[in-house]
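Here is the structure we will look at.
Residue numbers start from 1 in every chain, and the chains themselves are labelled A, B, ... in the order their sequence lines are given, proteins ahead of strands.
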Protein chains: 2
Amino acid sequence: MSANATRPLDHEVLAAVLRVRDGVLEVMLWQRALPPAAGRWALPGGALGPDEDVASCVRRHLADKVDVAQLSHLEQLAVFSDPHRVPGRRVVATAFLGLVPTDVDPSVPADTGWHAADNPPPTAFDHDAIVRRGRDRLRAKLSYTNLGFALAPSTFTISGLREIYAAALGYDVAATNMQRVLTRRGVLTPTGEASAPGRAGGRPAALYRFTDRSLRVTDPFAVLRPPRR
Amino acid sequence: MSANATRPLDHEVLAAVLRVRDGVLEVMLWQRALPPAAGRWALPGGALGPDEDVASCVRRHLADKVDVAQLSHLEQLAVFSDPHRVPGRRVVATAFLGLVPTDVDPSVPADTGWHAADNPPPTAFDHDAIVRRGRDRLRAKLSYTNLGFALAPSTFTISGLREIYAAALGYDVAATNMQRVLTRRGVLTPTGEASAPGRAGGRPAALYRFTDRSLRVTDPFAVLRPPRR
DNA sequence: ATAGTTATCGACTATAAGGCGAAAACTGGC
DNA sequence: GCCAGTTTTCGCCTTATAGTCGATAACTAT
């Protein structure tokens, strides 16, 4: 037996696209104009088409909101399948996690904006739970993979990277050891260049880049864990 | 628009249920008697019902093959959605990873058996890829979570635990430090009891148990990583 | 008793992390 | 130009964890 006659089974994809801006981890949401859940904020996404897999599908729907080429990372998050997650319909959602680096600023439609991932505005359906899952997945992976490359610009200073990690993780990280630890493990490579100092002066910071911009699992970075006491 | 009229969209759940037996990581498969893919081996699972989420669904279908209460762990793995993953139908699968401890031996139907997860017999559809994903997820999580509790019996010796980890990971692990490292981190707790020695003699081994049988993320266990050289 | 077997412990070495203060390299005001 | 202020980077020291090896404990079988 295939889809129930009285209540057809639909499948949609949704994407929690995250970025760090001004020290805040943000998620992309658009405001629904029409019922159901008019006025509430929703994740980008849409129905799974007959001839595509979920990865193609999420890229296709994201293209309505943002230049997909500016996404530095996209991965499956989880399936959300509560029979009542969308009132009046039976729709299973495959959620994705997308990341945008700090040095690109994708233009988005008028109904779409960026909101603090820790405190989003009222969302449609279960989209708040999906945002939480995406945020938690990012935080977990930051400490045992090199996923930071997807949030950081192509070259950056140590203190700039520290700010990105602190914003994404939601707590301050000790910057002193970050260069040493990440460099020793081969995650960071110095470019040899230096950044211009800010207007307050200070020594110019050396620029680094991620050695490997493909996702790799590493030992966890103790420097990224919360302080013990 | 809901499901395409000419090619209805179905959703199924599948479970890669793994266990360690005699030093081998095994997966539960049943042999299909009827087309399509008659004679090939398949993962347990079935269609998503109209009033259940995927977690309830996978437990319901697993109950046909095994006593679900004997599963020590069950988690979402990934969505498999290639439009041609099942010939002639459009069916999206949510795959789960299940684990069975070494000290229970669930009875299974006649068409169902356990096969080496590293080298399964010819499978139906994309079930071999799902087995690989489940195996890889287990291996990754063994080294940064306490998921070992789900494979091990309720109490065990250090060398017994070493064998389980070695079988699941596919490579030998250094046993010398395992007790010290896992105990220091609070993952293992001595029960105070000792096991009877084997027939060849030897000092009786102390029995341990996992301190916390709920899944917790820990620092990775360096003792579980492959040797450096 | 004694040889064989397995488990556990202690001592030592090596590696990595964390903290702190000094030094380096800049800006802007005087 | 000099000096105060700012930010980054480096070096040294302490602590924590991992890895190795050999010694010792606790058993079985003959």
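- Between B/Pro121 and B/Leu29 the shortest side-chain heavy-atom distance falls below 4.5 Å.
- Identified under the ring pair (Phe, Tyr, Trp, His ring centres under 6.0 Å) test for residues 186-207 of chain A, with sequence neighbours left out: none.
- Not a single salt bridge (Lys or Arg N to Asp or Glu O under 4.0 Å) links B/Arg59 to another residue, sequence neighbours left out.
- Atom OH in B/Tyr208 sits roughly 12 Å away from atom P in C/dA7 (whole-Å rounding).
- Axis deviation across the helix from C/dA1-D/dT30 to C/dC30-D/dG1 amounts to 0°, comparing end segments of five pairs, rounded to 10 degrees.
- With sequence neighbours left out, B/Arg32 forms a salt bridge (Lys or Arg N to Asp or Glu O under 4.0 Å) with no residue at all.
- Residue-level contact check: A/Ala206 touches the backbone only, with heavy atoms under 4.0 Å from sugar-phosphate atoms and none from bases.
- In this structure, CD of A/Gln179 is placed 6 Å from P of D/dT9, rounded to the nearest angstrom.
- The interatomic distance linking B/Arg162 (CZ) with C/dA7 (P) rounds to 10 Å, in whole Å.
- As a whole-Å value, the separation of A/Leu182 CG from C/dA16 P is 14 Å.
- Surrounding CZ of A/Arg60 are more than 12 heavy atoms belonging to other residues, nucleotides or ligands, all under 6.0 Å away.
- Rounded to an integer number of Å, the gap from B/Arg203 CZ to C/dC9 P is 6 Å.
- Listed nucleotides C/dA7, D/dT9, D/dC27 differ in distance to B/Pro204; the shortest reach to its side chain belongs to D/dC27.
- Rounded to whole angstrom, the span from the CG atom of A/Leu161 across to the C1' atom of D/dT8 amounts to 15 Å.
- Whole-Å rounding puts the B/Ile158 CD1 to C/dC9 C1' distance at 13 Å.
- Judged as a side chain to side chain contact (heavy atoms under 4.5 Å, CB included), and not counting sequence neighbours, the contacts of A/Val24 are A/Glu26, A/Ala116.
- Atom CG in A/Leu207 sits about 13 Å away from atom P in C/dC26, given to the nearest Å.
- The ring pair (Phe, Tyr, Trp, His ring centres under 6.0 Å) analysis of residues 117-137 of chain A, with sequence neighbours excluded, yields the pairs A/Phe125-A/His127.
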For nucleotides 2-5 of chain D, list the nitrogen or oxygen atoms of the protein found under 3.5 Å from its nitrogen or oxygen atoms, one pair per line.
none

Atom pairs and distances, side-chain donor-acceptor, residues 203-212 of chain B, under 3.5 Å, sequence neighbours left out:
from: B/Tyr208; atom 1: OH; to: B/Gln179; atom 2: NE2; distance (Å): 2.2
from: B/Thr211; atom 1: OG1; to: B/Gly186; atom 2: O; distance (Å): 2.8
from: B/Thr211; atom 1: OG1; to: B/Val187; atom 2: O; distance (Å): 3.0
from: B/Thr211; atom 1: OG1; to: B/Thr189; atom 2: OG1; distance (Å): 2.5
from: B/Asp212; atom 1: OD1; to: B/Ser214; atom 2: N; distance (Å): 3.0
from: B/Asp212; atom 1: OD1; to: B/Ser214; atom 2: OG; distance (Å): 2.7
from: B/Asp212; atom 1: OD2; to: B/Arg216; atom 2: NE; distance (Å): 3.2

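- Of the candidates C/dG18, C/dA7, D/dT8, C/dG18 carries the atom nearest the A/Arg180 side chain, counting heavy atoms from C-beta on.
- In this structure, B/Arg132 has no salt bridge (Lys or Arg N to Asp or Glu O under 4.0 Å) partners at least two apart in sequence or on a different chain.
- Across all strands shown, A/Ser159 has heavy atoms under 4.0 Å from sugar-phosphate atoms exclusively, and none from any base.
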